Novice: 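Pasting a structure here, questions to come.
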There are 2 protein chains.
Amino acid sequence: MTLADHPSPAPRPGRRADAERNRAVIIEAAGEVFAECGGGVDVREIARRSGVGMGTLYRHFPTKDELLATVLERQFNAWLTDAHQQAMATEDPWRALAGFFEQTLSTQARNRAVVESFTATGGPSDSCIQRCYSIIDELRTRCVDAGILRPGVTTEDLFLLSGSLSQAVLTTADSRPGQWRRLLRISLDGLSSRNTESLPEH
Amino acid sequence: MTLADHPSPAPRPGRRADAERNRAVIIEAAGEVFAECGGGVDVREIARRSGVGMGTLYRHFPTKDELLATVLERQFNAWLTDAHQQAMATEDPWRALAGFFEQTLSTQARNRAVVESFTATGGPSDSCIQRCYSIIDELRTRCVDAGILRPGVTTEDLFLLSGSLSQAVLTTADSRPGQWRRLLRISLDGLSSRNTESLPEH
DNA sequence: GACCAAGCGGAGCACGTGCTCCGCTTGAAG
DNA sequence: CTTCAAGCGGAGCACGTGCTCCGCTTGGTC
């Protein structure tokens with residue numbers, strides 16, 4: 001399932017048809033460019049890739065930040081929807097949790113801007129964070145109920161772990177792609193209930 | 001042991017005394033500013049903090065990158081020296097490894113530029129990387145000889161883990177400082193030889 | 001004390017990048 | 001077909017930031 005399969009979230013009635021089309025083209029192109037180059041790219045590059053002038057770009061998105069936010073929101077929601085569906089479809093709680101990390105990391109591996117957004121101030125919007133927390137919490141609860149998750153592990157721990165590993169994915173993307181799977185495996189084993197010693201308080 | 005306890009690596013004979021003094025002041029100030037603000041700070045801020053003009057700064061360091069490299073090299077070497085001494089002084093191999101991570105992360109937690117340097121292209125100089133690998137490899141070997149490290153764990157795995165956790169330290173530095181210790185604990189438990197299943201190949 | 005090369009300060013230049021302005025074009029309503 | 005507001009393109013402005021230039025100052029030597 002790719003991004004294009006998800007419905008565009010904000011169709012705007014009353015606008016001229018070409019404007020609507022341009023808006024969609026810009027979001028599409030910006031998504032690609034941000035993913036490849038990170039949030040620091042020159043806006044002209046996005047305009048160029050969209051085949052649209054600067055005026056048009058800034059008519060639709062008053063600032064670069066707003067464009068980035070729109071794109072990230074869209075990509076996050078697509079990813080979260082997929083992740084949720086996949087999690088629901090997996091019977092075994094542990095496989096569901098592991099699969100979530102696997103999917104998250106391999107998706108984000110190809111999207112610089114998304115990884116950056118976790119580091120930078122602000123990051124993704126609150127509603128996305130909230131949604132992400134909900135999914136992780138559901139996965140965590142299922143594992144706890146099955147007695148296979150280490151006691152004391154919080155949703156925040158899992159969220160932070162995901163962000164931390166994302167970074168590992170990025171740093172090894174060029175030199176040793178796939179090495180992150182080893183770290184993931186190590187972390188998951190550390191999360192197993194076979195480890196009974198309590199974790200340090202904050 | 002702090003940075004000031006380490007000898008300045010490059011005293012330059014034949015230079016005027018005030019120039020030598022200024023050079024030291026600049027390195028000191030730049031170290032603080034880079035640590036607080038990251039590598040993206042305005043050079044003027046470093047000049048201001050040094051109490052020195054732009055001309056003086058650029059006389060000693062022809063580019064900002066060179067200044068940053070000099071500062072990072074110095075800080076890395078100070079950190080590595082401390083880490084090595086501490087590792088040598090710890091009898092128990094596992095405590096030595098855990099202590100290395102603990103020290104690395106709590107040091108880097110207060111130094112944005114260092115963490116960034118692992119992410120950015122280039123990063124620390126090759127000789128630093130090499131030295132760091134040597135230390136980690138020594139720690140790893142001791143653990144392997146004692147039979148307490150999970151089979152198949154490489155020096156690269158441990159290096160990558162360190163960088164990955166550094167990121168976690170940064171992202172939670174403001175909101176939940178100390179949470180990274182929980183992730184570290186989880187990772188270390190996953191590295192224990194009690195986990196016998198082999199890690200995925202690259 | 002006199003001399004001067006080495007060193008210094010900071011105004012200002014060059015350039016990259018976010019954003020605007022305005023004359024031209026075009027979808028669509030009548 | 002006519003009309004025109006909505007939309008478009010891209011030159012160029014504003015500003016932040018790396019770096020330079022040059023007249024002034026000063027440590028060191030005789």
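So that the names make sense, note that chain A is the first sequence line, chain B the second, and so on, each numbered from 1. Given the structure is predicted, the values throughout are model-derived calculations rather than measurements.
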Novice: Which nucleotide wins on minimum distance to the side chain of B/Y58, given the candidates D/dG28, D/dC8, D/dC19?
Specialist: D/dC19

Novice: Side-chain donor-acceptor pairs under 3.5 Å in residues 34-44 of chain B, sequence neighbours left out?
Specialist:
from	atom 1	to	atom 2	distance (Å)
B/E36	OE1	B/R49	NH2	3.1
B/D42	OD1	B/R44	N	2.9
B/D42	OD1	B/R44	NH1	3.3

Novice: Ignoring hydrogens and geometry, is there a side-chain-to-backbone donor-acceptor pair from B/T90 to B/D92 under 3.5 Å?
Specialist: no

Novice: May I ask you to verify if any side-chain N or O of B/H60 is less than 4.0 angstrom from the OP1 or OP2 atom of C/dG7?
Specialist: no

Novice: Does the base of D/dG7 carry an N or O that pairs as donor and acceptor with the side chain of A/R15 under 3.5 Å?
Specialist: no

Novice: Check the distance between C/dG18's P and A/L57's CG and give it to me in whole angstrom.
Specialist: 11 Å

Novice: Over how many whole Å does the gap from B/F61 atom CZ to D/dT20 atom P extend?
Specialist: 15 Å

Novice: Of all the heavy-atom pairs spanning A/R182 and B/G152, show the shortest one and how long it is.
Specialist: NH2-O, 2.8 Å

Novice: Round to a whole Å and report the spacing from CZ of A/R48 to P of C/dT17.
Specialist: 14 Å

Novice: Nearest-Å distance, CG (B/L67) to P (D/dT17)?
Specialist: 16 Å

Novice: Could you tell me how far apart B/I46 (CD1) and D/dC19 (C1') are, to the nearest whole angstrom?
Specialist: 13 Å

Novice: Please figure out whether A/T63 or A/R59 has its closest DNA chain C nucleotide nearer the 5' end.
Specialist: A/T63

Novice: Given atom NZ of A/K64 and atom C1' of C/dG16, what is their separation to the nearest angstrom?
Specialist: 11 Å

Novice: Measure from CG on A/N22 to P on D/dG10 and round the result to the nearest Å.
Specialist: 13 Å

Novice: Does B/R44 make a side-chain donor-acceptor contact with the base of C/dG12, cut-off 3.5 Å?
Specialist: yes

Novice: Does a nitrogen or oxygen in the side chain of A/T56 sit under 4.0 Å from OP1 or OP2 of D/dG9?
Specialist: yes

Novice: Between B/S162 and B/T104, what is the shortest heavy-atom contact and its length?
Specialist: OG-CG2, 3.8 Å

Novice: Compare every heavy atom of A/P93 with every heavy atom of A/I148, then report the nearest pair and how far apart it is.
Specialist: CD1-CB, 4.2 Å

Novice: Can you work out whether A/M54 or A/R16 has the more 5'-proximal nearest nucleotide on DNA chain D?
Specialist: A/R16

Novice: For B/D42 and D/dC15, give me the distance from atom CG to atom C1', rounded to whole Å.
Specialist: 12 Å

